[in-house]
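We use all heavy atoms of the structure for the numbers below, so side chains are in, but hydrogens, waters and symmetry mates are not. In this text the structure is predicted, and so the values were computed from the model without any measurement.
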Amino acid sequence: MKKHHITALIVSVVALLMAVTAGKAFLEHRRPEAIVRGPGVTGIRKLSSWFPTLAGSPGDTDVYIFQGEESGGSMLIIGGTHPNEPSSFLSAVLLIENAVVNAGTLYVIPRANSSGFTHNDPQEGAPMGYSLTLSDGSSRYFRYGSRATNPVHQWPDPDVYIHATSGQTLSGNETRNLNRGYPGRPDGTLTERVCYGITELIRTEKVDISIDLHEASPEYPVINAIVAHERAMTVASYVVLGLEMYDINIGLEPSPKNLRGLTHRELGDATDTLAVLMETANPSQGRLRSRTGEALVLTGKDPYYVKAQALGRLYVPFDETGHPIEQRVGRHLTAIGEFAFALSMEYPDKPLEIDGIPGYDELLESGVGAFLLPVQ
């Protein structure tokens, strides 16, 4: 009997240690990693500066401002709408740590859905995070979050989500999808209030162009593409042509008028901004993927997707080289530079001159970590 008691005690102690370890990791997931303020950042404000109701809530988030010495046009970069799409977040971080604006104003939100970074999607087997090696040999760790707002911060989900502006109905869990809640509601859910805050930023600052960064699975039809509101189609067309100079092929899709709640539709309808969304190919969020580890997130290599390509099941080329993170970030950053140039060409009274954006070939050669700053 004593032997059984000792065994039970040992099992209980081991279970307690495991719970403590898991609990610590769980709580640490809520603490955002540092983003280093780069040489071009002239100010950092909270989203609640434009919508005070967000202050102190899990939806409040940092907005980095780059004010050029010369007046001009303005651009908003929305990163981290879906935290499980890492090139969206990392592209915003590289802008913050490298870009310098000479004319006009740039606003960058790296964690648009800050709540979504505090948890993972259940039953997806996703890693807690990933690390990148810097040029000095040090490393920086970033979390791999969820597609949606943390249910701890917004619960319960309704059986059916009804988009407030249009009445469109979707699955209930879409109520926590930031890219289904625009233009938002001041008295809505946390997700809708974040959408409303971003919309208020655009209205108040009269942002000329807004770019929402995303990734999609290789089997998703709209991939390696720009989705543009009808008022943004001309500028987006210039960008498609400009990217050809870098041998970057990208599709151009019109924003569907019957698909509501998304940035490229609602921000274009509710404000004067030119609203676009960009997608790159991310196998770590696809349904055909193999093990969803850090390697898949960073290298984008997956033998199952190579087989799917051979069977004609994908909407993007896929071979043994995969779609590594530096390629995906490079596509986003190069397109952002082209959007700034296209805006300046189409609207000469609104010049937007941005230097220091890491180049596509540089990223492919040196990797994303080479353009991250050490955390002091």
Side-chain angles (χ1 to χ4, degrees), residues 79 82-95 98 124-127 129-135 137 139-142 144 213-226 239-253 277-338 357-372:
H82 295 148
N84 66 336
E85 299 171 9
S87 81
S88 164
F89 168 69
L90 289 173
S91 296
V93 172
L94 289 197
L95 282 175
N98 294 273
E124 287 295 324
Y130 51 91
S131 296
L132 295 166
T133 302
L134 280 59
S135 56
S139 65
R140 285 175 61 181
Y141 175 85
F142 299 102
Y144 186 94
L213 304 179
H214 284 263
E215 299 202 90
S217 58
E219 66 268 30
Y220 183 64
V222 181
I223 192 166
N224 279 356
I226 298 170
V239 172
V240 171
L241 293 175
L243 290 175
E244 289 185 1
M245 302 295 292
Y246 300 92
D247 291 327
I248 298 175
N249 295 318
I250 194 164
L252 178 56
E253 302 281 344
L277 177 149
M278 292 196 296
E279 300 272 13
T280 62
N282 175 23
S284 68
Q285 67 185 108
R287 308 323 307 166
L288 306 179
R289 69 187 187 273
S290 56
R291 183 178 182 273
T292 317
E294 181 181 26
L296 179 58
V297 172
L298 297 179
T299 69
K301 297 179 180 180
D302 193 310
Y304 289 178
Y305 273 111
V306 175
K307 293 179 180 178
Q309 167 70 21
L311 294 172
R313 301 296 184 181
L314 306 183
Y315 290 89
V316 63
F318 207 107
D319 57 24
E320 287 77 6
T321 60
H323 289 274
I325 192 67
E326 51 267 18
Q327 178 205 82
R328 288 138 54 195
V329 171
R331 291 179 68 92
H332 276 333
L333 292 180
T334 305
I336 288 169
E338 288 298 310
I357 300 177
Y360 184 72
D361 290 336
E362 293 176 304
L363 282 160
L364 291 182
E365 181 178 351
S366 303
V368 172
F371 298 95
L372 290 169

More than 12 heavy atoms of other residues, nucleotides or ligands under 6.0 Å from CG of N249: yes or no? no
Quick one: do the Q285 and S217 side chains pair a donor with an acceptor below 3.5 Å? no
What is the minimum heavy-atom distance between I223 and P218, and which atoms define it? CD1-CA, 3.6 Å
Closest contact, heavy atoms only, A308 versus L288: CB-CD1, 3.9 Å
Mind running side chain to side chain contact (heavy atoms under 4.5 Å, CB included) on F371 and E362 for me, showing each step along the way? CA-CA 9 Å; F371 298 95; E362 293 176 304; 3.7 Å; yes
Heavy-atom side-chain contact between F142 and L372 under 4.5 Å: yes
What's the spacing between T280 OG1 and L213 CG if we round to 0.5 Å? 8.5 Å
Here the pair of heavy atoms bringing P283 nearest to A281 is CD-O, 3.6 Å
Distance-minimising heavy-atom pair for G369 and L132: CA-CB, 4.4 Å
Does the pair R287/E219 count as a salt bridge with the N-to-O cut at 4.0 Å? no
State which residues pass ring pair (Phe, Tyr, Trp, His ring centres under 6.0 Å) with H214; sequence neighbours excluded, sorted by chain then number. H82
Stepwise, does the side chain to side chain contact (heavy atoms under 4.5 Å, CB included) test hold for R140 with L134? CA-CA 7 Å; R140 285 175 61 181; L134 280 59; 3.8 Å; yes
Testing the basics here: between L296 and S290, what is the closest heavy-atom pair and its distance to 0.1 Å? CD2-O, 4.5 Å
Please report the interatomic distance CD1(I325) to CG(N282), rounded to the nearest 0.5 Å. 7.0 Å
Sub-3.5 Å donor-acceptor pair from the side chain of E338 to the main-chain atoms of A335, do we have one? no
Hey, does L298 have a side-chain heavy atom less than 4.5 Å from the side chain of P324? no
Are V316 and H323 packed together at the side-chain level, in the sense that at least one heavy-atom pair is separated by less than 4.5 angstrom? yes
Pair Y360, E326: side-chain N/O donor-acceptor within cut-off below 3.5 Å: no
In terms of the angle between their ring planes, are Y130 and Y144 parallel, tilted or perpendicular, with boundaries placed at 30° and 60°? perpendicular
Starting from the C-alpha separation in whole Å, work towards a yes-or-no answer on side chain to side chain contact (heavy atoms under 4.5 Å, CB included) for S131 and E294. CA-CA 8 Å; S131 296; E294 181 181 26; 3.7 Å; yes
Just checking, any donor-acceptor pair under 3.5 angstrom between side chains of T133 and S139? no
From F318 CZ over to K301 NZ, what is the distance, rounded to the nearest 0.5 angstrom? 10.0 Å
For a 4.5 angstrom cut-off between non-hydrogen side-chain atoms, does P86 reach E215? yes
With T292, which residues qualify under side chain to side chain donor-acceptor pair (under 3.5 Å), at least two apart? R289
Value rounded to 0.5 Å, distance of CD1 in I248 from CD in Q327: 8.5 Å
Counting only N and O atoms by type, is there a donor-acceptor contact under 3.5 Å from the side chain of Y315 to the main-chain atoms of V222? no
As an exercise, state the distance from CD of E279 to CD1 of I250, rounded to the nearest 0.5 Å. 9.5 Å
If you compare all heavy atoms of L363 against all heavy atoms of G330, which two are closest, and at what distance to 0.1 Å? CD1-CA, 3.5 Å
Considering only heavy atoms from C-beta outward, does the side chain of I226 approach that of L277 to under 4.5 Å? no
Can you tell if the side chain of N224 reaches within under 4.5 Å of the side chain of R331, non-hydrogen atoms only? yes
Could you state the interatomic distance from OG1 (T334) to CD1 (I357), rounded to the nearest 0.5 Å? 8.5 Å
